[in-house]
Amino acid sequence: MSRPLRTCIFGGGAVGSLVAARLQSAGKAPTMIARGRRLAQLERQGITFADPALPPIPVTALDAQTAAMEGGWDVVFLALKAQAIAASLEEIRPLIGPTTRIVPLVNGVPWWYFQPETARAVRSVDTAGALVDAFDPAHIIGAVVYVGCALDSVSGDLTSNGRERLVLGSIADAHAKTEALLAALFEGCAIAIQPTREIRREVWSKVALNLASNPLSVVANATVGEQFTSPHLARITIPMLEECIALARALGVEPSLTLEEMVAIGRRMGAYYTSMAQDYARGAELEMGAIAHSALELAAEEGVAMDTTRTVADICGFLSERELARA
Ligand SMILES: NC(=O)C1=CN([C@@H]2O[C@H](COP(=O)(O)OP(=O)(O)OC[C@H]3O[C@@H](n4cnc5c(N)ncnc54)[C@H](OP(=O)(O)O)[C@@H]3O)[C@@H](O)[C@H]2O)C=CC1
Ligand SMILES: CC(C)(CO)C(=O)C(=O)O
């Protein structure tokens, strides 16, 4: 394709703003789709950073309806919490044309996991199977997001820990075509892109890391570093990683990272509170469906025991429901 790609990023939160900032700085002129206060912020001030040394980055920001009327999108990134994808389906669907590529930048087991081979839905993220029905798997680019970023909802200021990597790969075939598209889109972009032809192996590595660290970060109020270095917490974290690796293997997939590599990544993360701990602290709904319940759902179907994961997920679920009820 010789003309510039028309790219939109649905979701103006931390990840959406980070990817938009990096694409915009590389001259790719993405359009952000946002709503409410965030849309007004982006229109007024562009993407701003907590670090005063970083100048604001102006971006085009639209509401979903206007973006749908513009149409002609080559690539649509979904930078939403997992549960918001199904909830926003009626706004996302009109953005998708016959050749539009869809890139969900989301943690957890993805709705497309069993596609294109079967239309089996992962009910914890796609209760009614609406996502499996809505998107053509031939046009989905699976993504695993390795970033650490946060958005201050009042100021709109973005922070990133500087470690920014996206693992991306077609979920069907046509790998060469997808890789050419990714190379064109991210050329000159500060975010590192790692193309893969084995996206499910990559998904399981990140699912295991999230599963072992996110719910426990709420239960123990601990940083990721603490969860992997404290002997008390490691006695919980390591079995959860092992349970998740066993689940991936039961589904016929070897995670791309070994247990030791996952532990090393966790330790290196140091004083970082997971996105779930951050959501809990601000009284937001947790991504338990995508990160924990999906794995437990598949484990029940495959007959894999996940006793430690179940216990931690149940305590986390209790704490979250209690906070949401109080709010
Ligand atoms: N932050 C991080 O460092 C990392 C995040 N991830 C994953 O990336 C995904 C995105 O996370 P993150 O960016 O942090 O989440 P955020 O909550 O920061 O951003 C989500 C954004 O989506 C917006 N949104 C939801 N529904 C709509 C809608 N219908 N129309 C317009 N905007 C909408 C929200 O707006 P509103 O506020 O109005 O609801 C919010 O701005 C998650 O799955 C997360 O787990 C993965 C790795 C690291
Ligand atoms: C902690 C980490 C980096 C991996 O589990 C993450 O993805 C999150 O904060 O949600």
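Numbering of ligands and ligand atoms starts at 1, following listing order.
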Looking at ligand 1, does Leu151 have a heavy atom less than 4.0 Å from it?
no
Run the numbers for me: atoms of ligand 1, each under 4.0 Å from some heavy atom of Tyr272, listed by number.
3 (O)
Atom CD of Glu187: over 12 foreign heavy atoms under 6.0 Å
no
Examine distances only and state if a side-chain atom of Lys28 and a backbone atom of Ala184 form a donor-acceptor pair shorter than 3.5 Å.
yes
Test item: protein heavy atom less than 4.0 Å from atom 39 (O) of ligand 1:
yes
Which residue supplies the protein heavy atom nearest to atom 48 (C) of ligand 1, what is that atom called, and how far is it?
Val147 O, 3.2 Å
As an exercise, identify every atom of ligand 1 less than 4.0 angstrom from a heavy atom of Ser88.
26 (N), 27 (C), 28 (C), 29 (N)
I'd like to know if the side chain of Gln115 reaches the main chain of Pro137, judged simply by a donor and an acceptor atom lying under 3.5 Å from each other, with no hydrogens or angles considered.
no
Can you confirm whether Val125 sits close enough to Val109 that some side-chain heavy atom of one is under 4.5 Å from a side-chain heavy atom of the other?
no
Could you tell me whether Ser275 approaches ligand 2 through its side chain, its backbone, both or neither, with non-hydrogen atoms closer than 4.0 Å?
both
For atom 6 (C) of ligand 2, what is the closest protein heavy atom, and at what distance to 0.1 Å?
Asn210 ND2, 3.2 Å
Heavy atom of Cys149, distance to ligand 1 below 4.0 Å:
yes
Whether Ala64 lies under 4.0 Å from ligand 1, heavy atom:
no
Give a yes or no answer on whether the side chain of Ser88 reaches the backbone of Glu91 with a donor-acceptor pair at less than 3.5 Å.
no
Structural part of Ile291 in contact with ligand 1, heavy atom criterion under 4.0 angstrom
neither
Other residues, nucleotides, ligands: >12 heavy atoms within 6.0 Å of Gln65 CD:
no
Check each heavy atom of Asn107 against ligand 2 and say whether those closer than 4.0 Å belong to the side chain, the backbone, both or neither.
side chain
Does Phe135 have any ring pair (Phe, Tyr, Trp, His ring centres under 6.0 Å) partners at least two apart in sequence or in another chain, and if so, which?
Trp111
Nearest to atom 10 (C) of ligand 1, what protein heavy atom do you find, and at what distance?
Leu80 O, 3.6 Å
Looking at ligand 1, does any of its N/O atoms fall within less than 3.5 Å of an N/O of Lys206?
no
dist Ile191:CD1 -> Ser160:OG (nearest 0.5 Å) comes out at 8.0 Å
Between Phe10 and ligand 1, find which residue part has any heavy-atom pair under 4.0 Å and reply side chain, backbone, both or neither.
side chain
Check each atom of ligand 2 against the heavy atoms of Asn214 and keep those under 4.0 Å away; list them by number with element.
5 (O), 8 (C), 10 (O)
Within the structure, does Thr274 bring an N/O atom to less than 3.5 angstrom of an N/O atom in ligand 2?
no
Can you name the ring pair (Phe, Tyr, Trp, His ring centres under 6.0 Å) partners of Tyr113, sequence neighbours left out?
Trp204
Answer yes or no: does an N/O atom from Tyr273 fall short of 3.5 Å to an N/O atom of ligand 2?
no
Can you tell me if Arg201 has over 12 outside heavy atoms packed within less than 6.0 Å of its CZ?
yes
Please report which non-hydrogen protein atom sits nearest to atom 21 (C) of ligand 1, along with the residue it belongs to and the distance in Å to one decimal place.
Gly13 N, 3.6 Å
Nearest option to atom 46 (C) of ligand 1, as decided by whichever heavy atom of Asn107, Leu18, Val19, Ile9 sits closest
Asn107
In the complex you have, is atom 42 (C) of ligand 1 within reach of the protein, judged by whether a heavy-atom distance drops under 4.0 Å?
yes
Under 4.0 Å from a heavy atom of Leu105: give me the atoms of ligand 1 that qualify, with their elements.
8 (O), 9 (C)
Is Glu90 in contact with ligand 1, taking contact as a heavy-atom separation below 4.0 Å?
no
Does Lys81 form a side-chain contact (heavy atoms from CB on, under 4.5 Å) with Glu285? I'd like the steps, not just the answer.
CA-CA 9 Å; Lys81 295 291 190 193; Glu285 188 186 348; over 6 Å; no
Run the salt-bridge test on Asp279 and Arg282 with the 4.0 Å N-O cut-off and return the result as yes or no.
yes
Min heavy-atom dist Gly148 to ligand 2 below 4.0 Å:
no
Ile47/Met32 under side-chain contact (heavy atoms from CB on, under 4.5 Å): CA gap, chis, key distance, verdict:
CA-CA 10 Å; Ile47 299 169; Met32 293 187 72; 3.8 Å; yes
Contact region, Glu285 to ligand 1, non-hydrogen atoms below 4.0 Å, reads neither
Using a 4.0 Å cut-off to any heavy atom of Tyr272, which atoms of ligand 2 qualify?
1 (C), 9 (O)
Logged contact type for Ala290 with ligand 1, heavy-atom cut-off 4.0 Å, is neither
Counting only heavy atoms, tell me which of Gly11, Ala14, Gly12, Ala143 gets closest to atom 14 (O) of ligand 1.
Ala14
Atom 20 (C) of ligand 1 has as its nearest protein heavy atom Ala79 O, 3.8 Å
Between Arg22 and Glu164, is the closest basic N to carboxylate O distance under 4.0 Å?
yes
Heavy-atom distance to atom 3 (C) of ligand 2: which of Glu287, Met269, Met276 wins?
Met269
Do any N or O atoms from the side chain of Glu287 and from the backbone of Asn107 form a donor-acceptor pair under 3.5 angstrom?
no
Quick one: does Val15 get an N or O within less than 3.5 Å of an N or O on ligand 1?
yes
To the nearest 0.5 Å, tell me how far Arg163 CZ sits from Cys149 SG.
12.5 Å
Go through the side-chain N and O atoms of Thr274 and Ser213 and say whether any donor and acceptor fall under 3.5 Å apart.
no
Do any nitrogen or oxygen atoms of Ala84 come within less than 3.5 Å of a nitrogen or oxygen of ligand 1?
no
Closer than 4.0 angstrom, basic N to acidic O: yes or no for Glu301 and Arg123?
no
Ligand 1 versus Arg37, non-hydrogen atoms closer than 4.0 Å: side chain, backbone, both, neither?
neither
Pair Val224, Ser217 - check side-chain contact (heavy atoms from CB on, under 4.5 Å), show working.
CA-CA 7 Å; Val224 183; Ser217 67; 6.0 Å; no
Looking at Arg35, Arg38, Met32, the heavy atom closest to atom 35 (O) of ligand 1 belongs to Arg35
